Every structure is written in C-alpha cells, then in structure tokens.
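See below for the structure under consideration.
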Amino acid sequence: MYHLDFRSDRSMDLVGIGRLCIDLNADQFNRPMEETTSFTKYVGGSPANIAIGAARLGLKSGFIGKVSDDQMGRYIQKYLKENQIDVNGVSVDDTGAVTGLAFTEIKSPEDCSILMYRDNVADLKLNPSNVSEEYIQQTKALLISGTALAASPSREAVFLALDYAKKHEVTVIFDLDYRAYTWKNEQETAVYYNLAAEKCDVIIGTREEFDMMEQFENYSQDDHRTAKKWFGYCAEIVVIKHGSEGSIAYTKDGQSERSGIFPTKVLKTFGAGDAYASSFIYGLMNGWELKKAMEFGSASASIVISKHSCSDAMPTVAEINEFLQTASISEKQ
Ligand SMILES: Nc1ncnc2c1ncn2[C@@H]1O[C@H](COP(=O)(O)OP(=O)(O)OP(=O)(O)O)[C@@H](O)[C@H]1O
Ligand SMILES: O=C(O)C[C@@H](O)[C@H](O)C(=O)CO
C-alpha cells in the first residue's frame with residue numbers, strides 16, 4: 001500500500017498560501033446574474049477554502065496571504081480565526097488594494113459561473129518579505145494554488161515559499177486552480193505552472209488544467225502520460241479530476257486508483273475541487289490508502305456542491321462519515 005510521508009516533528013499540518021477573497025453567491029438560483037437582486041457573503045479563494053476545509057476536519061491549519069486594510073480584510077481575518085486557522089502568516093496591505101470578489105451565478109445546477117473582480121487585489125500584493133521561513137519550517141505540508149502565480153510580487157512570494165519548503169522537507173501540494181481571468185494569456189500561465197509543479201510532491205488538477213500546462217507538448221489528454229511527466233521531477237502523487245466522472249490518481253511507484261462520485265442533489269458545481277482537495281489531503285495526512293482518501297474527497301465534494309457556499313459548507317469528519325453511511329458511489333463505466 002502506497003502512502004505519502006510527512007515530517008512528524010511539526011506544530012502545524014497544512015499551511016496554505018495565496019488567495020483570500022470574498023464569495024458573493026447569488027441568493028436567487030436558476031436565473032442569470034442580470035436577474036438576481038441579492039447575494040450572500042462568504043470567505044472564498046480556492047486555497048482559503050481548502051485550508052478552511054482542512055481545519056474543519058481537524059487539521060492544524062495556517063495561511064500565508066495578504067488582505068485589504070478595510071472591513072472585508074478584517075472580515076476574512078475574523079473568519080479564519082473563528083475557524084481555528086492560524087493567521088500569523090496573514091499580512092495587511094498598505095497600498096490601498098482591495099479584496100477580490102467572486103460573484104457566483106447559478107443558472108442551473110449544471111450551469112454555474114463565477115464573475116471575478118480581480119483589479120488591484122490585495123492577495124496578489126503578497127511579496128517575498130511576507131513569507132517567513134520559520135513559519136513554513138513549522139508545517140508538515142504547504143498548499144500552493146496556481147492563481148497566486150498570476151502576477152508579481154505574489155508569484156515571487158510563492159516561489160520563495162517553495163524554496164523554503166524544499167529546504168525544510170515540507171511536503172508541497174499544488175492545487176492547480178486555473179482561473180483564466182487572472183492571467184494575461186495561457187502561454188504565460190503554462191510557463192509558471194510548469195516551473196512550480198517541478199517542485200511539488202502532490203499535484204491535483206482537472207484534465208483541462210493539465211492540458212493547459214501541456215500546451216507546448218503533444219500530450220493527447222492522456223492521464224497516465226501526464227502523471228508520468230511529473231514523476232520525473234518531485235511528484236509522488238498526481239491526481240486528475242474529471243468532474244462528475246470522478247477522479248484518477250497515480251503514484252510514483254506505478255500504482256493508480258480511480259474513484260467514482262457520490263451522486264447528490266447539486267445546487268451549484270463550484271467548490272467541488274476545494275472540498276475534494278481538503279478531504280483528500282486529510283486522508284493522505286492520516287496515512288490512508290489512496291482510494292479511501294479519494295473517496296473521502298469525493299464525499300466532501302458532494303456535500304459542498306449540494307450547499308450554497310464553499311467555505312461555510314466544508315464538512316467535518318463526522319458529517320462526511322454520516323454522509324457515507326447512506327451514500328453509494330457511482331463508478332464511471
Ligand atoms: N456533479 C457532481 N456530482 C458529484 N460529485 C462531483 C460532481 N462534480 C464533481 N464532483 C466531485 O468533485 C471532484 C472535483 O470536481 P471537478 O473535477 O469539477 O474539480 P474542479 O473543477 O476543480 O471543481 P470546482 O468546480 O470546484 O473548480 C470530482 O472528482 C468528483 O469527485
Ligand atoms: O477561488 C476563487 O476565487 C473562487 C472561490 O472563492 C469560489 O468559492 C470557488 O470557485 C470555489 O472553487
């Protein structure tokens with residue numbers, strides 16, 4: 001049985017780095033945003049959602065990020081503290097930057113979209129001086145998220161965090177989280193994603209995100225070839241997510257596992273990836289077999305997509321286990 005090693009002599013389990021933003025989820029469903037009149041505010045940002053999900057599962061979580069010096073920034077910090085996330089790595093912007101906003105539109109359970117306001121956002125003002133080697137040295141795992149590579153100085157902050165993580169044997173998990181609206185073009189995205197992925201132990205992404213990264217190669221959407229490429233660098237595990245068709249994971253020692261999904265009453269599709277990642281990481285950190293960790297992630301994803309929010313909806317271990325008591329997995333034929 002394959003399992004990923006983590007250093008045990010650490011005071012924290014998982015530190016996320018990157019986007020702390022605000023989700024404004026439409027209160028009126030099954031209609032376009034042009035016809036909605038109110039939104040509910042939640043803390044958001046893919047890496048923040050994953051760190052919140054990990055903390056809700058009982059992992060000791062921290063975060064390295066930058067928030068705006070206003071009510072939204074204070075709201076985010078307050079929420080993180082209330083959810084037992086260490087905020088000593090979170091700094092406050094002093095340039096007048098604002099908090100990124102993610103307006104979500106739920107036209108139908110299958111047709112959801114996110115309108116993101118990303119101009120002059122505080123999260124991309126994170127700079128190398130905000131990244132503490134001592135802070136990273138105290139964690140078992142560092143979670144990086146692709147969108148933090150979209151602009152300087154956040155990009156340089158992430159690469160410095162990666163260097164500190166490698167120096168101190170911190171396991172690096174890369175959730176690809178490709179959001180086109182934050183990038184100038186796909187070519188630049190692929191260059192930076194590939195440079196970061198070369199340093200990561202676990203890489204989690206959708207088929208489409210890996211295709212974006214492989215645009216300079218002739219890989220033909222082949223999951224096994226995708227995984228094999230990264231085993232030539234630092235990767236131990238590569239997970240390729242296929243939406244409602246489930247996921248597949250490959251390990252460096254040549255094993256692979258597929259996981260189906262747990263059919264659920266879908267309210268909105270986004271948040272599935274963040275829920276999957278947080279619970280999958282929980283399974284890895286508990287030394288579970290790959291398939292069990294994947295199914296735990298899939299169950300968490302099903303719970304979150306049946307609810308209105310992402311961060312608030314992240315389930316506890318008890319909630320996932322209760323869900324698993326009655327849910328049945330549907331394997332792709
Ligand atoms: N409709 C669905 N029903 C049940 N489970 C789902 C559904 N869609 C996705 N999942 C689960 O969530 C996992 C991640 O979803 P997906 O592949 O869409 O990642 P993602 O695109 O990163 O998600 P997100 O929409 O949050 O960005 C899937 O591998 C699957 O286990
Ligand atoms: O990552 C973002 O900026 C958007 C998220 O806050 C939102 O909850 C989502 O899309 C989750 O995948």
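Not measured: the values here are computed from a predicted model. Every number for a ligand or one of its atoms is a count from 1 in the order of the listing.
Closest to atom 6 (C) of ligand 1 among all protein heavy atoms lies I305 CD1, 3.9 Å. Looking from atom 29 (O) of ligand 1 to the surrounding protein, the closest heavy atom is G246 O, 3.2 Å. Looking only at heavy atoms of the protein, atom 13 (C) of ligand 1 is closest to Y276 CD1, 3.9 Å. Protein heavy atom in closest approach to atom 24 (P) of ligand 1: G273 N, 3.6 Å. When hydrogens are left out, the protein atom nearest atom 1 (N) of ligand 1 is S244 CB, 3.8 Å; that is the closest non-hydrogen contact. The protein non-hydrogen atom at the shortest distance from atom 15 (O) of ligand 1 is A272 CB, 3.6 Å. For atom 14 (C) of ligand 1, the nearest non-hydrogen atom of the protein is K241 CD, 3.8 Å. In this structure, the protein non-hydrogen atom closest to atom 12 (O) of ligand 1 is A301 CB, 3.3 Å.
Of all the listed residues (G243, S298, S247), G243 holds the heavy atom that lies closest to atom 28 (C) of ligand 1. The option from G271, P109, A299 that lies nearest to atom 26 (O) of ligand 1, judged by heavy atoms, is G271.
Residue T206 approaches ligand 1 through these ligand atoms, each under 4.0 Å from one of its heavy atoms: 19 (O), 20 (P), 21 (O), 22 (O). Which parts of ligand 1 touch F262 is read off a 4.0 Å heavy-atom cut-off, strictly below it: atoms 4 (C). Close contacts between ligand 1 and I261 involve ligand atoms 3 (N), 4 (C), 5 (N), 30 (C), 31 (O) [criterion: under 4.0 Å to a heavy atom]. Set against the non-hydrogen atoms of F270, the atoms of ligand 1 under 4.0 Å away are 25 (O), 26 (O). Short contacts between ligand 1 and S302, defined as distances under 4.0 Å to a heavy atom of the residue, involve ligand atoms 4 (C), 5 (N).
Residues H224 and S256 have side chains not in contact (no heavy-atom distance under 4.5 Å, counting atoms from C-beta outward). Counting heavy atoms from C-beta on, the side chains of V90 and Q77 come closer than 4.5 Å. At a threshold of 4.5 Å between non-hydrogen side-chain atoms, the residues Q28 and E35 do not count as touching. With contacts defined as side-chain heavy-atom distances shorter than 4.5 Å, the pair M294/F280 qualifies.
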* Check the pair R19, S46 against side-chain contact (heavy atoms from CB on, under 4.5 Å), reporting the backbone distance first and the verdict last. => CA-CA 7 Å; R19 191 160 74 265; S46 182; 3.6 Å; yes
Contact table, ligand 2 N/O with protein N/O, distance under 3.5 Å:
{"residue": "ligand 2", "atom": "1 (O)", "partner": "R19", "partner atom": "NH2", "Å": "2.4"}
{"residue": "ligand 2", "atom": "1 (O)", "partner": "S46", "partner atom": "N", "Å": "2.9"}
{"residue": "ligand 2", "atom": "1 (O)", "partner": "R179", "partner atom": "NH2", "Å": "3.4"}
{"residue": "ligand 2", "atom": "3 (O)", "partner": "R19", "partner atom": "NE", "Å": "2.8"}
{"residue": "ligand 2", "atom": "3 (O)", "partner": "R19", "partner atom": "NH2", "Å": "3.2"}
{"residue": "ligand 2", "atom": "6 (O)", "partner": "D23", "partner atom": "OD1", "Å": "2.5"}
{"residue": "ligand 2", "atom": "6 (O)", "partner": "D23", "partner atom": "OD2", "Å": "3.2"}
{"residue": "ligand 2", "atom": "6 (O)", "partner": "G45", "partner atom": "N", "Å": "2.7"}
{"residue": "ligand 2", "atom": "8 (O)", "partner": "D23", "partner atom": "OD2", "Å": "2.5"}
{"residue": "ligand 2", "atom": "8 (O)", "partner": "N49", "partner atom": "ND2", "Å": "3.2"}
{"residue": "ligand 2", "atom": "10 (O)", "partner": "R179", "partner atom": "NH1", "Å": "3.0"}
{"residue": "ligand 2", "atom": "10 (O)", "partner": "R179", "partner atom": "NH2", "Å": "3.3"}
{"residue": "ligand 2", "atom": "12 (O)", "partner": "R179", "partner atom": "NH2", "Å": "3.1"}
{"residue": "ligand 2", "atom": "12 (O)", "partner": "G271", "partner atom": "N", "Å": "3.4"}
{"residue": "ligand 2", "atom": "12 (O)", "partner": "D274", "partner atom": "OD2", "Å": "3.2"}

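Checked against the 6.0 Å centroid criterion, the rings of Y193 and W183 qualify as a close aromatic pair.
In this structure, D23 CG and F39 CZ are separated by 12.0 Å, a value rounded to the nearest 0.5 Å. Note that the CD1 atom of I240 and the CG atom of D223 stand 3.5 Å from one another [nearest 0.5 Å].
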May I have the list of side-chain donor-acceptor pairs in residues 62-73 shorter than 3.5 Å, sequence neighbours left out?
{"residue": "K66", "atom": "NZ", "partner": "N130", "partner atom": "OD1", "Å": "3.1"}
{"residue": "S68", "atom": "OG", "partner": "D70", "partner atom": "OD1", "Å": "2.6"}
{"residue": "S68", "atom": "OG", "partner": "D70", "partner atom": "OD2", "Å": "3.3"}
{"residue": "S68", "atom": "OG", "partner": "G73", "partner atom": "N", "Å": "3.4"}
{"residue": "S68", "atom": "OG", "partner": "T99", "partner atom": "OG1", "Å": "2.5"}
{"residue": "D70", "atom": "OD1", "partner": "M72", "partner atom": "N", "Å": "3.0"}
{"residue": "D70", "atom": "OD1", "partner": "G73", "partner atom": "N", "Å": "3.0"}

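Of the candidates V239, I50, I203, T147, I50 is the only one forming a side chain to side chain contact (heavy atoms under 4.5 Å, CB included) with D175.
At a cut-off of 3.5 Å, with distance as the only test, no side-chain donor of E105 or T36 sits close to an acceptor on the other residue.
For residues 110-154, every residue pair satisfying the ring pair (Phe, Tyr, Trp, His ring centres under 6.0 Å) rule, not counting sequence neighbours, is listed here: F103-Y117. Pairs of residues two or more places apart, or lying in two chains, that qualify as ring pair (Phe, Tyr, Trp, His ring centres under 6.0 Å) and include a residue from residues 15-35 are F29-H308.
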